[in-house]
There are 2 protein chains.
Amino acid sequence: MAQKTDLSRLNCSLAGALGIVGDWWSLLIVRDALLGARRFAEFQKSLGLARNILADRLKRLAADGVLSREGPERRPVYKLTEKGLALAPALIALMQWGDRWVAGDRPPVMVTDRDGRPVDAVGLARDSRPLTPRDLRFAPGVGADPETRMFLAAMSSRVEER
Amino acid sequence: MAQKTDLSRLNCSLAGALGIVGDWWSLLIVRDALLGARRFAEFQKSLGLARNILADRLKRLAADGVLSREGPERRPVYKLTEKGLALAPALIALMQWGDRWVAGDRPPVMVTDRDGRPVDAVGLARDSRPLTPRDLRFAPGVGADPETRMFLAAMSSRVEER
DNA sequence: CTGTATCCTTAAAGATACTG
DNA sequence: CAGTATCTTTAAGGATACAG
């Protein structure tokens, strides 16, 4: 969509993440891979997207190191890399949000451990003590540019009213 | 982008979530709101997107109950609702993934508690015991349709090889 | 300041035919 | 089976002018 805007200029790791999995299909492909999908046809059938789009996304995700492409050239198998697996917490958190706020507490998919026991709600913590979103504060990190510092400084004064 | 595909047909809470915050700007707007942004001009300056796009996104996020629009008609203030605040774990998780895998451990923004101490990495757990992504399993939930059940059944046999 | 209204560009998505 | 190659459509996004 006329997206010439380069999100990377935003000096924000969220924007960086969205640059890789921020389109409408990539995260769903990662989801399917997490569920066990391996082959082109499996993703295609599950998601119902056009073949050329799927081919493009698989290529990009592999180029970005999220998926690996293994096996025979003619019939390859896609697997999540460590980088791709590391998306699981974010992905599950988003799924849980959808369960609660979109699906009305009627989850289509239940996420469990190896023994079939439901996982906890993904939450925020500091030294393992739970934190609410209102407890959050933000400060410039080592990668902050001057603009980010300005913005955070301007915002910090009123974060309390949240 | 020629997106006629209705993600909601996917019977998946992740798709449902992406239907609301799955475009390139919405999550970044939520991020800014979490950081303390309140006004139209603040979002616009921070993100640098076109005014009409921002207006559209704010409208949609408000319609979806993620933001509330308060105060004077002429100079309203946007705040996160509970539903919007509930996105924080997913948003922070994605930001942390970007910190680690995109920004190369040079986070532009540091997330802390009220006392300025960094929050924990958002992770998966079951009864407060940490879980790795490879520990995850999936089963049909109460909202699963027949197609989802079929897919999960087909995938479950090989989730072990992950 | 906070939008709305237009116009324009472009890239994303879909459909489909073809190939090794 | 797993793509590639084309072609077309359309909606997202940008720019800008205008308005309350």
Side-chain angles (χ1 to χ4, degrees), chain A residues 1-10 15 18-29 32-33 36-64 67-79 154-155 158, chain B residues 1-10 15 18-29 32-33 36-64 67-79 154-155 158:
Chain A
M1 13 173 112
Q3 195 221 10
K4 10 171 63 158
T5 319
D6 181 12
L7 291 186
S8 68
R9 74 177 157 71
L10 285 181
L18 292 177
I20 295 180
V21 292
D23 69 275
W24 281 303
W25 290 119
S26 293
L27 253 195
L28 290 166
I29 290 173
D32 274 12
R38 293 286 174 275
R39 320 203 78 93
F40 189 92
E42 289 170 351
F43 293 105
Q44 212 252 320
K45 186 179 178 214
S46 164
L47 300 174
L49 81 176
R51 311 168 65 75
N52 50 350
I53 305 298
L54 177 57
D56 177 74
R57 287 304 177 281
L58 290 173
K59 200 175 294 180
R60 280 180 34 183
L61 287 171
D64 286 330
L67 292 179
S68 69
R69 181 197 167 109
E70 301 169 16
E73 182 69 23
R74 308 297 317 291
R75 204 157 173 275
V77 158
Y78 296 93
K79 299 174 98 162
M155 293 299 110
R158 69 161 87 118
Chain B
M1 19 171 106
Q3 195 221 10
K4 10 169 65 156
T5 317
D6 180 13
L7 290 187
S8 69
R9 73 176 160 71
L10 284 182
L18 292 177
I20 296 180
V21 293
D23 69 273
W24 282 304
W25 291 120
S26 294
L27 254 196
L28 290 166
I29 290 172
D32 273 11
R38 293 285 173 276
R39 319 206 79 95
F40 190 92
E42 288 170 351
F43 293 106
Q44 213 252 320
K45 186 178 178 214
S46 164
L47 299 174
L49 80 177
R51 312 169 65 75
N52 50 350
I53 305 296
L54 177 57
D56 176 75
R57 288 303 178 282
L58 290 173
K59 199 176 295 179
R60 279 179 37 184
L61 287 170
D64 287 329
L67 292 179
S68 70
R69 180 195 168 111
E70 299 168 18
E73 182 69 22
R74 308 298 317 291
R75 205 158 173 276
V77 157
Y78 296 93
K79 299 173 97 162
M155 292 300 111
R158 69 161 88 119

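Chain A is the first sequence line, chain B the second, and so forth, proteins listed ahead of strands; every chain is numbered from 1. These figures come from a predicted structure and were not determined experimentally. Just so it is clear, the values below take in all heavy atoms, side chains as well, and ignore hydrogens, waters and symmetry mates.
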**OP:** Would you mind reading off the distance between A/Ile53 atom CD1 and D/dA2 atom C1', rounded to a whole angstrom?
**Re:** 16 Å
Subject >> Interatomic distance, A/Asp56 CG vs D/dG3 C1' [rounded to whole Å] >> reply: 12 Å
Original post:
Going from CG on B/Leu18 to OG on B/Ser8, what distance comes out if it is rounded to the nearest 0.5 angstrom?
Top reply: 12.0 Å
**OP:** Check whether any side-chain N or O of B/Glu42 sits under 3.5 Å from a backbone N or O of B/Arg38 as a donor-acceptor pair, and report yes or no.
**Re:** yes
Subject >> Options D/dA2, C/dA15, C/dT2, nucleotide nearest the side-chain atoms of A/Ala50 >> reply: C/dA15
Original post:
Looking only at side-chain N and O atoms, does B/Tyr78 come under 4.0 Å of OP1 or OP2 in C/dG3?
Top reply: yes
Subject >> Nucleotide C/dA15, atom C1' - distance to CG of A/Leu49 in whole Å >> reply: 13 Å
**OP:** Check every atom of D/dA12, D/dA5, C/dG3 against the side chain of A/Asn52 and return the nucleotide holding the closest atom.
**Re:** D/dA5
**OP:** Could you state the atom-to-atom distance from CZ of B/Arg69 to P of C/dC1 in whole Å?
**Re:** 16 Å
**OP:** Could you state the atom-to-atom distance from CH2 of A/Trp25 to P of C/dA11 in whole Å?
**Re:** 21 Å
Original post:
Expressed in angstrom and rounded to an integer, what is the separation of A/Lys45 atom NZ from D/dC1 atom P?
Top reply: 11 Å
Original post:
Would you call B/Arg60 and B/Asp23 a side-chain contact if the rule is heavy atoms closer than 4.5 Å?
Top reply: yes
Original post:
What nucleotide, of C/dG3, D/dG3, C/dT2, holds the atom closest to the side chain of B/Ala41?
Top reply: C/dT2
**OP:** State whether B/Lys59 places a side-chain N or O below 4.0 Å from either non-bridging phosphate oxygen (OP1 or OP2) of C/dT4.
**Re:** yes
Subject >> Shortest non-hydrogen contact between B/Val21 and B/Leu27, atoms and distance >> reply: O-CG, 3.9 Å
Subject >> Whole-Å distance separating the CG atom of B/Asp23 from the C1' atom of C/dA12 >> reply: 14 Å
Original post:
Between D/dA2 atom C1' and A/Phe40 atom CZ, what is the distance in whole Å?
Top reply: 6 Å
Original post:
Any side-chain heavy atom of A/Arg39 sitting closer than 4.5 Å to one from A/Arg75?
Top reply: yes
Original post:
For B/Glu70, what residues pass the salt bridge (charged side-chain N to carboxylate O under 4.0 Å, His left out) criterion, not counting sequence neighbours?
Top reply: none
So which protein N/O to nucleotides 18-20 of chain C N/O distances come out below 3.5 Å?
from: C/dG20; atom 1: N2; to: A/Arg74; atom 2: NH2; distance (Å): 2.2
from: C/dG20; atom 1: N3; to: A/Arg74; atom 2: NH2; distance (Å): 2.2

**OP:** Give a yes/no on whether any side-chain N or O of A/Arg38 is located under 4.0 angstrom from OP1 or OP2 of D/dC1.
**Re:** no
Original post:
Closest heavy-atom contact between B/Phe43 and B/Leu49?
Top reply: O-CD2, 4.5 Å
Original post:
Looking at the side chain of A/Arg75, which of C/dT2, D/dC1, D/dT4 is the nearest nucleotide?
Top reply: D/dC1
